[in-house]
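Below: one structure, written as structure tokens.
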Number of protein chains: 2
Amino acid sequence: MLSNSAKYALKAVLYLSLNSNEEEKLMTKDISDKIKVPKSYLAKLLQDLSRHGIISSTKGPKGGFYLTNNDKKLSLIEIIEVIDGRQRLNSCVLDLEACNDKNPCVLHDIVGRANSEFVKSLQKTTIEDLIADIKKGKSVFPFE
Amino acid sequence: MLSNSAKYALKAVLYLSLNSNEEEKLMTKDISDKIKVPKSYLAKLLQDLSRHGIISSTKGPKGGFYLTNNDKKLSLIEIIEVIDGRQRLNSCVLDLEACNDKNPCVLHDIVGRANSEFVKSLQKTTIEDLIADIKKGKSVFPFE
DNA sequence: TCTTAAATATGATTTAAATCATGTTTTTGG
DNA sequence: CCAAAAACATGATTTAAATCATATTTAAGA
């Protein structure tokens, strides 16, 4: 469903959303320690996200990664697609070429529905939404 | 979500359910040709399923794999668990240790619900159910 | 301007999943 | 009883994802 990389990316962005802003940036190491993801692996992911405009960064001393308010308006699917590509989420549960809504495969109706819901949720949920839920005490983010 | 192996296994069992019985058995090659899965890889999977009592088989000439009526009563989750193990499906979307229904993580409510539905469907749907849907024309199984 | 601290870029290594290959056992039919 | 056809068992190879390592660029601050 989601690759490890995508999960790591989501965690990192969530952590950034709660602990950074234009004035308070975070280094790779700060994040990797907290969310328990290998440092240099996470570095690659963060750079990827930065290159694609999902998160912001500045080089040099006092530099680091952070989220602008604009960054927080991005939906979860945009994060995932940078890491996993577009294909991974839309495909049929059995990877059948000929399967689609008009011509549903045996599992499409029974099980594919859950997948569609999942994708829809990822599309309409933004980082901001998640932060709001946490601040309301509706949910938590235990990092690791 | 599901490994390739699990998808192959599901396809193979579905193919068997539609094209085999105690009298008409199918060889690995018959199945692998139809569902377009590497022959010797599929062989391993079929042997695994057979060893765990998901499908039936007989050795020697005129032998092959087939499903008994009893086999057809098994739920999809049982097929998947033989191949992927039990853990893979139950975990939190972000693989957070501390996440559960009592203490839902940020994505649990929004996105995890879809996952639970998915698992529930796999638990309650049997091979038989799928065959019935196909015979009713409600869905199709295009093999590849 | 120089040193240092950070991201950036790139490539090598490891690991696990997927794939391939081959020998062994069982059963049927002659 | 023998030969052939099938599953069964096991191990080797390949591939892609995950992980590690290191050199380069940029910016801050003294």
Side-chain angles (χ1 to χ4, degrees), chain A residues 1-13 16 20 22-33 35-68 71 80 82-85 87-88 95, chain B residues 1-13 16 20 22-33 35-68 71 80 82-85 87-88 95:
Chain A
M1 180 144 59
L2 299 183
S3 70
N4 255 326
S5 296
K7 292 177 186 178
Y8 291 167
L10 280 173
K11 284 191 202 179
V13 172
L16 279 170
S20 80
E22 277 89 340
E23 280 79 45
E24 300 167 281
K25 296 159 193 168
L26 296 176
M27 297 189 295
T28 304
K29 188 165 190 331
D30 299 332
I31 308 171
S32 72
D33 282 350
I35 68 174
K36 292 272 166 48
V37 168
K39 180 166 120 45
S40 36
Y41 187 29
L42 183 63
K44 245 184 193 169
L45 295 174
L46 291 172
Q47 286 161 29
D48 222 2
L49 293 173
S50 171
R51 196 174 328 116
H52 285 88
I54 304 290
I55 65 179
S56 304
S57 70
T58 57
K59 283 177 167 186
K62 299 279 161 192
F65 297 96
Y66 60 101
L67 293 193
T68 64
D71 294 336
I80 293 166
V82 163
I83 305 295
D84 281 350
Q87 189 48 41
R88 190 169 183 135
D95 292 337
Chain B
M1 177 146 60
L2 299 184
S3 69
N4 255 326
S5 296
K7 293 177 186 179
Y8 291 168
L10 280 174
K11 284 191 203 182
V13 173
L16 279 171
S20 79
E22 276 90 341
E23 279 80 46
E24 300 166 282
K25 297 159 192 167
L26 296 175
M27 295 188 296
T28 304
K29 189 164 190 326
D30 299 332
I31 307 171
S32 72
D33 282 351
I35 68 175
K36 292 272 166 46
V37 168
K39 179 166 120 50
S40 34
Y41 188 27
L42 183 63
K44 245 182 194 170
L45 296 173
L46 290 172
Q47 284 161 29
D48 222 1
L49 293 173
S50 170
R51 197 175 327 118
H52 286 87
I54 304 290
I55 66 179
S56 304
S57 70
T58 58
K59 284 180 169 183
K62 298 279 161 189
F65 297 97
Y66 60 101
L67 294 194
T68 63
D71 294 337
I80 293 166
V82 163
I83 305 295
D84 282 349
Q87 189 49 39
R88 189 169 185 136
D95 292 337

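Order of the sequence lines fixes the chain letters, A, B, ..., with proteins taken first and strands second; residue numbering starts at 1 for each chain. Everything quoted here is computed from the prediction, not taken from an experiment.
Comparing D:dA18, C:dT19, D:dA7 by their nearest atom to the side chain of A:Asn4 picks out D:dA18. Comparing atom distances between the B:Met27 side chain and each of D:dA28, C:dC20, D:dA7 picks out D:dA7 as nearest. Comparing D:dA12, D:dA18, C:dG29 by their closest approach to the side chain of B:Lys44 singles out D:dA12. With C:dT28, C:dC20, D:dA28 as the candidates, the nucleotide lying closest to the side chain of B:Pro61 is C:dT28. Candidate nucleotides C:dT27, D:dC20, D:dA28 were compared by shortest atom distance to the side chain of B:Lys59, and C:dT27 ranks first. In the set D:dA18, D:dA9, C:dA18, D:dA9 carries the atom at the smallest distance from any side-chain atom of B:Gln47. Distances from the side chain of B:Lys62 to the nucleotides C:dT28, D:dA7, D:dA18 place C:dT28 closest.
With salt bridges taken as basic N to acidic carboxylate O contacts below 4.0 Å, one links A:Asp33 and A:Lys29.
Remark: A:Tyr8 is not in phosphate contact with D:dA18, judged by side-chain N or O atoms under 4.0 Å from OP1 or OP2. For D:dC20, the OP1/OP2 oxygens have no side-chain nitrogen or oxygen of A:Tyr41 closer than 4.0 Å. Contact annotation: B:Arg51 side-chain N/O to D:dA9 OP1/OP2 distance is under 4.0 Å. Proximity of A:Ser50 to the phosphate of C:dA7: no side-chain N or O atom is located under 4.0 Å from OP1 or OP2.
The closest side-chain heavy-atom distance from A:Ile31 to A:Val37 is not below 4.5 Å.
Each of B:Ser57 and A:Asp84 lies near DNA chain D, and the nucleotide nearest B:Ser57 is the one positioned closer to the 5' end. If you find the closest nucleotide of DNA chain D to A:Ser5 and to A:Thr58, the one lying nearer the 5' end belongs to A:Ser5.
No side-chain donor from either of A:Tyr41 and A:Ser32 sits under 3.5 Å from a side-chain acceptor of the other. Neither side chain, A:Thr58 nor A:Tyr66, offers a donor N or O lying under 3.5 Å from an acceptor on the other.
The separation between A:Leu46 atom CG and C:dA7 atom P is 8 Å, rounded to whole Å.
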